[in-house]
2 protein chains.
Amino acid sequence: MSKKNSEPTPKNTLGMDVSVDCVVFGFDNDTLKVLLIEQKQPDTVHLKTQNAVPGDLVLDNESLDEAAKRILQELTSLKGIYLKQFHAFGDPNRVRGLKDQQWLRTFRVNPERRVLTIGYYSLVKLSEFKPKAASFAGKTYWVDVYNIPSLAFDHNEIVHKALLMLRHELMADHIGFELLPEKFTLSQLQKLYEIILDKKLDKRNFRKNILRTETVTALEEKQQGVLHKPAQLFSKK
Amino acid sequence: MSKKNSEPTPKNTLGMDVSVDCVVFGFDNDTLKVLLIEQKQPDTVHLKTQNAVPGDLVLDNESLDEAAKRILQELTSLKGIYLKQFHAFGDPNRVRGLKDQQWLRTFRVNPERRVLTIGYYSLVKLSEFKPKAASFAGKTYWVDVYNIPSLAFDHNEIVHKALLMLRHELMADHIGFELLPEKFTLSQLQKLYEIILDKKLDKRNFRKNILRTETVTALEEKQQGVLHKPAQLFSKK
DNA sequence: TTTGAAAGTGTATTTAGCACACGAAGTATC
DNA sequence: GATACTTCGTGTGCTAAATACACTTTCAAA
């Protein structure tokens with residue numbers, strides 16, 4: 001089984017396309033949403049379009065983080081978005097749907113090439129989000145993370161894993177405010193936590209906890225235009 | 001910037017080689033060790049050999065997990081080893097050392113091809129470990145994780161990140177016993193924790209904690225052949 | 001001025017974290 | 001068989017964090 005050192009035997013593989021897929025989370029005060037794109041389809045083949053998570057091939061001189069950043073910036077005009085690599089999806093059969101294969105034949109120079117994808121998730125402030133046409137995407141839209149339609153490739157699995165990682169990191173690093181506007185109330189933040197973690201939290205204990213972590217800081221300002229006692233506004237520290 | 005749907009424009013990239021690198025941890029009752037290999041070198045070029053973490057290209061029909069498992073099984077005879085994907089390393093310049101490039105020219109059919117690697121770490125029971133000749137490796141040996149020499153490619157970074165992930169998961173999931181023999185004492189387990197986390201722990205509190213998590217179970221047996229009060233043996237539950 | 005609706009706050013109880021020291025159970029030696 | 005040596009195994013009191021729980025305040029609208 002072992003080879004002698006004196007006989008170098010170069011190893012051959014076909015090579016893979018590597019892509020980055022971004023699970024973009026947004027929050028609209030009621031539901032946690034994920035950004036989907038309608039996959040581009042050639043006019044000739046008339047298939048029902050599929051939905052997918054935005055993603056693209058990693059370019060030849062690009063790092064993975066750079067590719068993820070580029071994908072996000074092609075979809076939005078936002079800068080400084082929270083981005084985190086969370087898993088590599090490399091099953092050789094992850095592309096097995098008929099439509100998926102047809103799509104690859106249209107949009108990839110090497111449609112037979114195996115595709116490995118690196119999953120990132122990102123948190124954007126829905127309030128500041130303005131969709132932009134991206135080279136790799138058709139229309140974009142937001143769907144409730146707890147009610148996601150059937151997606152292209154293995155994207156349902158990717159979204160599911162992203163959510164698990166998000167939950168985990170929300171608890172560990174308190175990154176929730178990345179999904180809220182610059183100024184937010186603690187009630188908004190609590191609701192966000194409740195929706196992401198999918199359980200109710202006690203108001204007083206939640207506030208104690210958040211304030212203890214010192215990830216947010218109270219502003220002088222108060223909420224305006226609400227028909228009840230206005231809440232104090234906070235921002236990321 | 002956006003393209004009309006009616007003009008499919010296939011995207012071209014050169015493709016990448018994808019490899020899996022395994023950071024194999026072992027524990028010898030005193031130090032946490034990492035398994036290194038001596039990189040194979042052709043006799044012709046007489047370079048000082050470099051050390052590396054074991055890894056190999058992912059084969060054409062292999063998933064990432066399968067590749068990691070194969071790499072481990074080529075190095076050891078062990079089955080059922082704990083294995084976990086922890087990060088993808090994809091910087092386009094991660095291979096920039098002169099020796100690294102020479103090595104690629106010898107052992108890769110496409111030495112210029114960009115290489116992406118998926119990092120896995122694994123926990124093995126040193127007591128059961130028997131090194132085996134592997135197709136991709138020269139000699140193997142263990143080094144103290146806190147005293148690692150300069151390695152090929154970006155492997156120092158890979159090991160470092162693996163250690164951080166291991167620490168994290170040790171706390172969260174109590175997987176420590178994967179590094180110990182089937183039967184172990186709580187003192188052994190505590191020492192393992194202390195070395196991985198790099199801090200002292202209180203004996204009584206440690207025991208309370210471990211027993212509360214119910215990840216281990218007490219055996220009838222006691223330690224034998226020690227010149228002091230024999231400790232109770234435990235095993236994974 | 002009354003109503004509605006969410007904001008904001010305190011306390012008591014339970015649970016987990018932590019610091020700390022000594023008798024018990026074996027082996028080896030004389 | 002007494003002694004010395006070494007690690008094992010345990011209990012308690014204190015402090016900090018987690019949890020459960022309900023009422024008053026502040027504003028806008030009618």
Side-chain angles (χ1 to χ4, degrees), chain A residues 27-31 167-168 170-174 176-177 180-235, chain B residues 27-31 167-168 170-174 176-177 180-181 183-235 237:
Chain A
F27 180 64
D28 72 352
N29 282 315
D30 278 310
T31 48
R167 277 185 188 157
H168 195 266
L170 182 65
M171 299 306 289
D173 300 345
H174 294 285
F177 48 73
L180 295 175
E182 291 302 337
K183 299 171 183 179
F184 52 86
T185 68
L186 291 186
S187 294
Q188 282 177 291
L189 190 61
Q190 182 179 342
K191 192 157 181 193
L192 171 61
Y193 273 65
E194 289 179 340
I195 289 170
I196 294 179
L197 303 176
D198 205 17
K199 66 175 176 193
K200 269 223 110 356
L201 302 172
D202 176 79
K203 185 167 28 163
R204 280 174 279 200
N205 297 331
F206 178 78
R207 288 156 125 49
K208 262 186 278 180
N209 278 308
I210 289 295
L211 295 175
R212 190 164 32 75
T213 64
E214 304 195 330
T215 48
V216 300
T217 187
L219 303 173
E220 297 298 296
E221 266 173 281
K222 295 201 160 177
Q223 213 179 17
Q224 291 195 339
V226 288
L227 37 156
H228 53 75
K229 176 172 176 180
Q232 172 144 64
L233 289 171
F234 286 76
S235 75
Chain B
F27 181 63
D28 72 353
N29 281 316
D30 277 311
T31 47
R167 277 185 187 157
H168 195 265
L170 182 66
M171 299 306 290
D173 300 346
H174 294 285
F177 48 73
L180 295 174
K183 299 172 182 178
F184 52 86
T185 69
L186 292 186
S187 295
Q188 282 178 291
L189 189 62
Q190 182 180 342
K191 192 157 182 193
L192 171 62
Y193 273 64
E194 289 178 343
I195 289 170
I196 293 179
L197 303 176
D198 203 19
K199 67 176 177 191
K200 270 225 105 1
L201 301 172
D202 177 81
K203 186 169 26 166
R204 279 175 278 201
N205 297 331
F206 178 79
R207 290 163 108 85
K208 259 186 280 179
N209 279 310
I210 289 294
L211 295 175
R212 189 164 33 76
T213 64
E214 303 196 330
T215 48
V216 299
T217 187
L219 303 173
E220 297 297 296
E221 266 174 279
K222 294 200 163 182
Q223 213 179 15
Q224 290 194 340
V226 287
L227 39 157
H228 54 75
K229 176 173 175 180
Q232 173 144 64
L233 290 171
F234 287 75
S235 75
K237 182 168 256 170

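Letters go in sequence order (proteins before strands), and every chain restarts at 1.
At the heavy-atom level, Thr185(A) lies nowhere under 4.0 Å from the strands shown. At a threshold of 4.0 angstrom between heavy atoms, the contacts of Gln223(B) with the nucleic acid are absent.
Within residues 202-216 of chain B, the residues approaching DNA chain D are Lys203(B), Arg204(B), Arg207(B), Lys208(B), by heavy-atom distance under 4.0 Å.
Within the 4.5 Å cutoff, the side chain of Gln190(B) has no heavy atoms near those of the Ile210(B) side chain. The shortest distance between side-chain heavy atoms of His174(A) and Tyr193(A) falls below 4.5 Å. Using a 4.5 Å heavy-atom threshold, the side chains of Phe27(B) and Ile195(B) count as touching.
Distance CG (Leu186(A)) to C1' (dA6(C)): 13 Å, rounded to an integer number of Å. Taking atom CG on Leu233(A) and atom P on dC27(D), their separation rounds to 14 Å, with Å as the unit. Regarding Leu227(B), its CG atom lies at a distance of 8 Å from the P atom of dT7(D), rounded to whole Å. As a whole-Å value, the separation of Leu201(A) CG from dA18(D) P is 13 Å. At whole-Å resolution of the value, NZ in Lys191(B) and C1' in dT7(D) are 12 Å apart. If you measure from atom CD of Gln224(A) to atom C1' of dA7(C), you get 16 Å, rounded to the nearest angstrom. Atom CD in Gln190(B) sits about 12 Å away from atom C1' in dC8(D), given to the nearest Å. The nearest whole Å value for the distance from the NE2 atom in His228(B) to the P atom in dA25(C) is 15 Å.
The line from CG of Asp28(A) to CG of Leu180(A) is 11.0 Å long, rounded to the nearest 0.5 Å.
Each of Gln232(B) and Pro230(A) was assigned the nucleotide of DNA chain D with the nearest heavy atom; the assignment lying further toward the 5' end belongs to Gln232(B).
Atom NZ of Lys237(B) sits in a crowded spot, with more than 12 heavy atoms from other residues, nucleotides or ligands closer than 6.0 Å.
Within the structure, a side-chain polar atom (N or O) of Ser187(B) is placed less than 4.0 Å from OP1 or OP2 of dC8(D).
The aromatic rings of His168(A) and His168(B) sit perpendicular to each other, their planes meeting at more than 60°, with 30° as the lower class boundary.
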For residues 216-229 of chain A, please give each side-chain donor-acceptor pair under 3.5 Å, one per line with the distance, not counting sequence neighbours.
from	atom 1	to	atom 2	distance (Å)
Glu221(A)	OE1	Lys183(A)	NZ	2.7
Glu221(A)	OE2	Lys183(A)	NZ	3.3
Gln223(A)	OE1	Ala231(A)	N	2.9

